[in-house]
Amino acid sequence: MSALTDLIYGGANAVAGLTEGAVNDAIAKYGEQKEVAFPDTAYFLPTIYAATGVKVTKLGDLPACVGVLKSLISGKEDLGEALNAGLATAVGAEIIEALKYVESADPYAGDSGIGFVPDPIIRSLGVPLVTGDIPGVAVMLGKADDAALVSEIIKGYQTRGILTFLVGDIIEQAIENGVKMGLDFRVVPLGHDVTSVTHVVTVAIRAALIFGAVTPGDLPTLLAYTKERVPAFVNAFGALDAVTVSAGAGAIALGFPVIVDSDLGDIQVPGALESVTDLTKTVAHSLELRNIKIKIREIPIPVAFASAFEGEIIRRGDMHVQFNSTRKPTCELVVMKDAADIEDHKITIIGSDVDTVTAPADMSLGVLIEVCGEKMQVDFEPVIERKLHYWYNYMEGVMHTGQRNLINVRISKEAFEKGLRLKDFGEVIWCEIMDEFASVVDKCQVTLITDEAKVVELRDSVAMPRYDERDARLAGLTDESVDTFYTCILCQSFAPSHCCVVTPERLGLCGAVSWLDAKATKELTPTGPCQPIPKEGCTDERLGKYTAVDEAVSQATQGAVSSVTLYSILEDPMTSCGCFECICGIIPEANGVVIVNREYKGMTPTGMTFGELASMTGGGVQTPGFMGHGRHFISSKKFISAEGGIERIVWMPKELKDSVGDKLNKTAKELFGADNFIDMIGDETVATDSETLLAFLTEKNHPALGMDPIM
Amino acid sequence: MPFKRTPQKFNAAINAMTLGTGDNAVTIGGASVLPLYSFDGDIGNAPKIGVEISDLGLEGECVGMTEFYAGASTPAEMAAKAEKMPGADFVCLRLEGADPNGHNRSVEECVEIAKAVAGAISLPLVIEGCKNNEKDAELFEKIAAALEGKNVLFLSAKEENHKSVGAAVGLAYAQKVGAESSVDINLAKQLNVLLTQLGVKAENIAMNLGSAAAGYGFEYVASTMDRVKAAALGQNDAMLQMPVITPVASEAWSVKEAMVDEADFPEWGPQEDRGVRMEIATAAACLACGSDAVILKHPRSVATISAMVAALK
Amino acid sequence: MALKGLDIFKITPKTNCKDCGNPTCMAFAMKVAQGAIALDKCPHLSDEVKAQLSEATAPPMKTIKLGVGAEEHTLGGETVLARHEKTFVSKNLFAFTVGDAMSDEANEAAFASTVVDYERIGERMYVELINVKFGGDSARYLELVKRAAGLGRTLILSVSDAAVAKEALELTKGTRPLLNGASAANAAEMAALAKEYAALLGVSAANLDELYDTVAEIEKTGFKDLVLDVSSASAGEAFADAVQIRRAALKNNDRTFGYPSLVDVGAIAPGDEDMQCALAALFTVKYGSIVVMEKMSYASALPLYGLRQNIFTDPQKPMRVEPGIYPLNGADENSVCAITVDFALTYFVVSGEMERSGVPVNLLISDAGGYSVLTAWAAGKFSASSIAKFINEEVAPKVKSRTLILPGKVAVLQGEVAEKLPDWKVVVGTREAIELVKFLKEM
């Protein structure tokens with residue numbers, strides 16, 4: 001490490017000396033009252049102004065700045081301290097550059113660079129930077145050994161919309177190799193002296209002042225802003241002298257990683273200062289280091305891609321090929337991997353493509369999609385996987401049904417003739433994942449396999465175990481096993497005072513939003529309908545009452561509902577919007593509850609139909625004794641556990657009994673050792689009035705009859 | 001026994017937002033009671049009325065409008081007359097002509113129009129786009145730059161283009177940002193959160209919660225506004241305390257009742273009266289629900305609504 | 001705060017005797033809690049229990065019927081201050097005004113308000129009430145009452161002279177009019193008259209305190225079919241009074257003000273129809289139960305009735321339009337068909353954009369339970385089979401065109417619909433209505 005800090009301090013001291021000399025010379029020549037300013041800016045000497053709040057307007061202000069600059073160079077053997085010295089270099093460079101504007105109104109007239117970047121240009125650059133239209137800012141300095149290669153790097157940035165600033169002889173190298181320059185081409189030459197790098201530093205700093213509303217003098221906030229919001233990085237080429245290294249340290253202090261083309265060996269600092277000696281990899285590595293994602297504008301495939309094609313049906317006669325699980329092995333799998341194992345946008349085809357068969361053909365297809373990302377979680381794999389269905393269907397001439405290892409994908413003759421091939425599937429999948437899941441996926445590679453043996457291998461040794469793991473995880477998720485619940489307020493447009501609290505064991509009452517869905521929604525749409533509730537402040541375990549839940553519900557319903565319990569139907573039960581799959585209502589005569597599903601149109605033993613129950617339960621009101629819920633909740637151990645749980649269930653429509661029977665039996669066996677509990681529960685074939693139901697329950701010796709009175 | 005009055009007071013208030021500069025600046029919002037409840041406490045700044053003019057001029061306008069603007073042939077000339085319209089608090093330039101699916105007027109042309117309009121008036125200016133997200137983003141950036149320092153409100157940033165509009169209007173050129181959502185309290189709040197996360201200060205945001213003409217789903221407008229005000233005041237929800245500005249004219253004058261010729265529906269009577277009443281009824285309803293400013297266009301509507309606001313102060 | 005169903009259930013006999021007409025005591029209790037049924041329908045409750053509960057279950061604002069037969073209207077009965085909290089139940093009524101102190105021309109112009117009579121989304125839109133105002137000439141007044149009574153609408157008799165009022169009531173006997181003329185000065189007398197003729201009684205006062213006392217005074221006589229007249233020379237005062245009265249009743253449970261209100265915007269802005277329209281809209285949104293205007297024209301009615309229909313829609317029961325074929329822009333049997341759902345808002349937005357396009361289209365509205373496109377699709381009420389059934393049964397026999405545009409949001413149905421309607425060309429339209437103009441023009 002010391003080699004690096006030595007270099008930084010050496011460079012910083014050299015620049016400090018140069019600066020001090022230059023300031024003294026200038027004062028001697030022009031006097032202290034001589035004005036010093038960059039053209040067309042309201043931010044004085046921006047680096048000094050932003051870092052210290054000092055407004056430099058005349059030469060006489062500068063000696064104090066030199067003092068501050070020197071104080072930043074502590075010489076201590078510590079990387080953080082050394083980076084501060086790098087900032088000193090930036091300040092020194094700024095002063096030296098400012099003095100050029102004292103000497104001449106247009107010191108860059110004879111240079112191929114433009115020098116100081118005026119405020120209006122920064123304002124106009126701010127918008128595309130904020131929107132991601134300019135996804136990043138590259139600063140390239142020095143002189144490369146191979147002019148052609150370095151020009152390719154610049155062009156690489158150019159095609160990705162990245163704004164590139166050039167400092168040093170690299171400008172001429174680029175010009176020679178036909179790189180188009182100017183703001184419109186997003187390649188801006190700054191100047192040849194290494195100090196002209198200050199002109200890009202002040203761009204970043206003024207962006208923080210203008211767009212981040214950072215208060216001048218608030219250095220920590222400034223550094224946080226440039227680190228988090230200004231997606232810049234540095235590529236340095238050629239031999240590294242101490243001054244360049246210390247300027248690089250300044251960049252690192254601002255949060256901009258530096259990539260050099262020489263091998264720095266063990267003085268590299270991962271994430272901050274790295275070597276990439278193979279210049280063909282500089283672009284990819286730089287983008288990855290700064291986590292810059294390029295917006296995809298149009299998917300390059302030969303057929304149209306739009307939701308309007310979602311409903312297209314491809315008949316057997318019209319199809320070129322199909323990948324059908326009932327005929328050939330198939331599977332689709334999204335897996336999370338380490339960043340190092342993934343090459344972004346790599347699309348691999350293993351086996352023959354669809355142009356090797358004649359219609360109508362059957363082929364195998366295994367699709368392995370590997371993703372990584374700082375915010376990616378294994379739980380999001382199935383969320384992404386479920387979207388594949390839509391993306392395939394959005395392609396004109398492609399039809400997709402099913403999921404996992406049971407799918408059918410058809411390509412129409414027309415689409416095939418237009419040139420649709422397997423790599424286009426890969427393109428679509430990659431583009432859509434990088435677009436729709438940009439907040440969690442940083443890199444993605446897609447492998448499409450048609451080689452039957454290899455598909456079988458993927459399916460049986462990778463995919464199936466993964467599916468099983470997921471199912472086991474889902475089954476094993478309990479309210480106790482997590483520390484966060486989620487709100488869901490998707491339905492507030494018609495039930496303003498309703499808020500679902502989604503827990504692993506209690507999915508949204510519509511049946512469509514599981515805890516995993518809610519969790520993914522939060523990551524993908526951070527300000528969206530699902531917000532996390534820390535599982536804190538449990539005041540009553542039996543009822544499932546949490547102060548954090550009450551606060552979240554109160555907030556989400558604008559105060560309309562102040563308290564809900566998770567496990568009780570009688571005390572502050574959860575509200576219902578109206579889209580519940582089922583309604584549970586108490587039937588005191590039978591000392592239990594009945595559950596009725598939306599599809600059941602007849603009378604229930606409570607004396608009310610689903611419709612009548614819905615009218616009093618919906619709309620976001622709390623109706624003790626009645627609540628809406630999803631089908632899945634019925635077999636949960638948490639189902640109205642405050643009132644005694646599933647033992648209280650005395651009646652359900654036949655269809656509902658059939659659909660939840662097995663799971664309910666299992667839970668009953670676990671909870672109170674009952675065999676075939678479902679048979680003790682009445683249905684419409686037994687009774688639709690409470691008297692007959694009671695007789696039935698007595699005959700079956702239903703456990704609810706022996707429990708404490710429900711109310 | 002006297003009637004026991006129980007004023008509904010809140011420990012929160014709608015943000016006050018100033019448009020324009022100097023002596024002619026106008027402030028909207030600031031209420032710490034429900035809309036128009038001056039008997040309960042401080043309603044802050046009484047609702048303000050903007051007069052809308054279009055870059056397309058008076059194409060298809062009724063007699064009352066053409067008479068009022070007689071002699072004005074450019075948007076700037078119209079604006080000069082608009083700000084003199086009795087009851088006007090600010091002028092709103094609607095750049096309908098920029099719509100790529102319509103006249104597709106260029107950004108440069110629109111900037112020139114906006115500059116001319118701004119130069120012709122002393123009241124504050126509001127710029128309304130063409131409802132095409134991409135075009136509006138481009139348009140607003142350039143106009144915000146051209147009118148820097150004039151403290152102009154731009155309608156609107158939507159979820160789709162909030163980054164570009166927010167960055168250009170709210171950050172780069174320190175103008176006021178209108179946040180437009182479609183009649184849903186959660187979407188409105190989400191957009192405000194997104195804009196503030198971008199760095200736009202809450203006090204520089206006004207909300208357009210979406211509007212509808214009377215009879216055309218106004219219940220959603222009413223309930224959204226009711227809920228937004230309840231949350232802003234009752235829950236002290238800072239992400240919903242932005243003042244509400246509602247463009248009424250464009251909605252009101254584009255429904256069948258306001259548009260069809262008398263010849264086609266003789267029993268309905270003169271088209272101009274129908275348009276004016278649709279505009280008036282919609283505006284009055286918006287104010288009752290919580291708009292802190294409405295944008296109208298017909299001189300009769302502006303006069304009537306400003307008189308109503310004065311009577312309710 | 002109304003009682004929860006379970007609290008009511010606890011005091012029922014829990015015998016499921018069905019004497020109340022409900023299968024179980026629980027069902028009965030839940031209906032009482034909802035206000036759908038009166039507590040005294042249960043014959044087995046002791047008077048003690050009933051008395052104890054009637055206070056708690058009594059609605060905060062009285063529901064009062066005005067008029068009779070086909071012209072019977074419901075006033076009051078509101079339980080919430082904002083419609084999203086539950087729903088508003090009794091739409092406000094409109095009145096136009098004639099009077100003996102007005103000129104013949106003015107009266108004729110006012111009577112012409114009866115031409116406003118049309119239907120909008122299943123609701124008849126007309127001026128329900130006629131306000132006949134007494135100005136001193138009793139003979140002329142009574143003539144006007146007679147004429148107005150003959151128009152098949154319910155009357156508001158704005159008269160504070162008891163003798164004239166009695167004669168007017170005699171002329172309108174059995175029609176349950178509103179006698180709007182009680183004040184502190186004549187409260188007892190007017191209440192007795194209203195009671196005698198089964199009329200409603202409108203009460204007015206110089207200020208809210210006086211109004212409060214007067215109402216309390218009248219209530220002591222046992223007569224409670226009251227309407228509170230908040231009319232004032234100032235719009236601000238009328239608005240303040242209307243809001244405070246409604247709030248006192250619903251929020252503070254002050255039943256003395258638990259009555260519908262009346263506001264005469266014609267008197268606030270005489271001769272200014274624009275202002276009357278503005279104020280009528282204001283009081284439609286906030287708490288005017290009866291809005292009296294000088295006259296009603298289509299120009300004012302179209303927005304005001306539309307607004308009222310919106311405000312008084314139950315948030316959980318969206319407005320629906322009649323399923324069927326709606327030819328737009330002069331469409332005939334050869335014009336393309338575009339299908340959507342019967343949710344009123346969808347219909348208005350879609351038909352509005354289609355009309356803007358100028359392209360002749362047969363807009364097909366299918367029965368989708370009043371839901372929006374995606375909700376109806378999710379609920380299975382707007383599916384390939386429901387669309388195919390509707391097209392085959394209702395549309396195919398009447399329309400020759402065989403092009404059908406589907407809403408872009410249900411593009412997923414395209415293949416299935418095309419399969420079920422083999423002789424139709426099924427096209428996916430736009431996702432948003434606003435894109436329709438371009439889409440149709442380019443089709």
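The analysis underlying the following values was restricted to heavy atoms, covering all of them including side chains, and did not include hydrogens, waters or symmetry mates. Order of the sequence lines sets the chain letters (A, B, ...), proteins ahead of strands, with each chain counted from 1.
- B:D40 has a carboxylate O that lies under 4.0 Å from a charged side-chain N of C:R247, or vice versa, which qualifies the two as a salt bridge.
- Contact of B:A222 with chain C is made through the side chain alone, with heavy-atom distances under 4.5 Å.
- With chain C as the partner, the residue from B:L36, B:V255, B:I305 showing the most heavy-atom pairs under 4.5 Å is B:L36.
- The choice from C:V285, C:D272, C:V243 that makes the most heavy-atom pairs within less than 4.5 Å of chain B is C:V243.
- With a threshold of 4.5 angstrom between heavy atoms, C:S351 does not approach chain B through any atom at all.
- C:I434 CD1: 12 or fewer foreign heavy atoms inside a 6.0 Å radius.
- Residues C:A278 and B:A284 share a closest heavy-atom pair of O-CB, 3.2 Å.
- Side-chain atoms of C:N310 come within 3.5 Å of backbone N or O of B:G215 as a donor-acceptor pair.
- At a 4.5 Å heavy-atom cutoff, B:Q271 makes no contact with chain C through either its backbone or its side chain.
- Rounded to the nearest 0.5 angstrom, B:E279 CD and C:C277 SG are separated by 11.0 Å.
- The parts of C:L208 that come within reach of chain B are both its backbone and its side chain, each placing non-hydrogen atoms under 4.5 angstrom from that chain.
- B:Q8 touches chain C through backbone and side chain together, each having a heavy atom under 4.5 Å away.
- A distance-only check finds no donor-acceptor pair linking the side chain of C:D274 to the backbone of B:S301 [under 3.5 Å].
- Across C:N252, C:I311, C:V115, the residue that shares the most heavy-atom pairs under 4.5 angstrom with chain B is C:N252.
- Note: C:E210 CD to B:F3 CZ = 14.5 Å, rounded to the nearest 0.5 Å.
- For the atom pair CG (C:D117) and CD (B:E267), the distance works out to 11.5 Å, reported to the nearest 0.5 Å.
- The contact between C:F257 and chain B is made entirely by side chain atoms (from C-beta outward), counting heavy-atom distances below 4.5 Å.
- In this structure, no portion of C:N207 lies under 4.5 Å from any heavy atom of chain B.
- Put simply, the side chain of C:K286 reaches to within 4.5 Å of the side chain of B:Y37, judged on heavy atoms.
- Between C:K438 and B:D99, no side-chain nitrogen of the basic residue sits less than 4.0 Å from a carboxylate oxygen of the acidic one, so the salt-bridge criterion is not met.
- Residue with the most contacts toward chain B among C:Q309, C:R308, C:K251: C:K251 (heavy-atom pairs, distance under 4.5 Å).
- Heavy-atom distances place no part of C:K441 under 4.5 Å from chain B, backbone and side chain included.
- Under the 4.5 Å side-chain criterion, counting only non-hydrogen atoms from C-beta, C:Y298 is not in contact with B:F265.
- Judged by distance alone, the side chain of B:R277 and the main-chain N or O of C:A301 form no donor-acceptor pair under 3.5 Å.
- If you measure heavy-atom distances from C:E273 to chain B, the contacts under 4.5 Å come from both the backbone and the side chain.
- Note: B:T6 OG1 to C:D254 CG = 8.5 Å, rounded to the nearest 0.5 Å.
- C:M275 approaches B:T304 most closely through the heavy-atom pair CE-O, 3.4 Å.
- For C:F88, no part lies under 4.5 angstrom from a heavy atom of chain B.
- The contact between C:E355 and chain B is made entirely by side chain atoms (from C-beta outward), counting heavy-atom distances below 4.5 Å.
- The line from SG of B:C289 to CG of C:L282 is 9.5 Å long, rounded to the nearest 0.5 Å.
- The candidate from C:A238, C:A299, C:G236 with the greatest count of non-hydrogen atom pairs under 4.5 Å with chain B is C:A299.
- Surrounding CG of B:D264 are more than 12 heavy atoms belonging to other residues, nucleotides or ligands, all under 6.0 Å away.
- Once rounded to the nearest 0.5 Å, the distance linking CD of C:E237 with CG of B:L312 reads 11.5 Å.
- Aromatic ring pairs are classed by plane angle as parallel below 30°, tilted from 30° to 60° and perpendicular above 60°; the pair C:F343 and B:Y220 is perpendicular.
- Environment of NZ in C:K91: crowded, with over 12 heavy atoms of neighbouring residues, nucleotides or ligands closer than 6.0 Å.
- Note that C:R120 lies in the cation-pi zone of B:Y216, set by a 6.0 Å cut-off to the ring centre and a 45° limit from the axis.
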> Are C:D209 and B:R5 close enough, and set up right, to give a salt bridge (charged side-chain N to carboxylate O under 4.0 Å, His left out), and what steps lead you there?
Replying inline: CA-CA 9 Å; C:D209 295 319; B:R5 287 170 174 75; 3.0 Å; yes

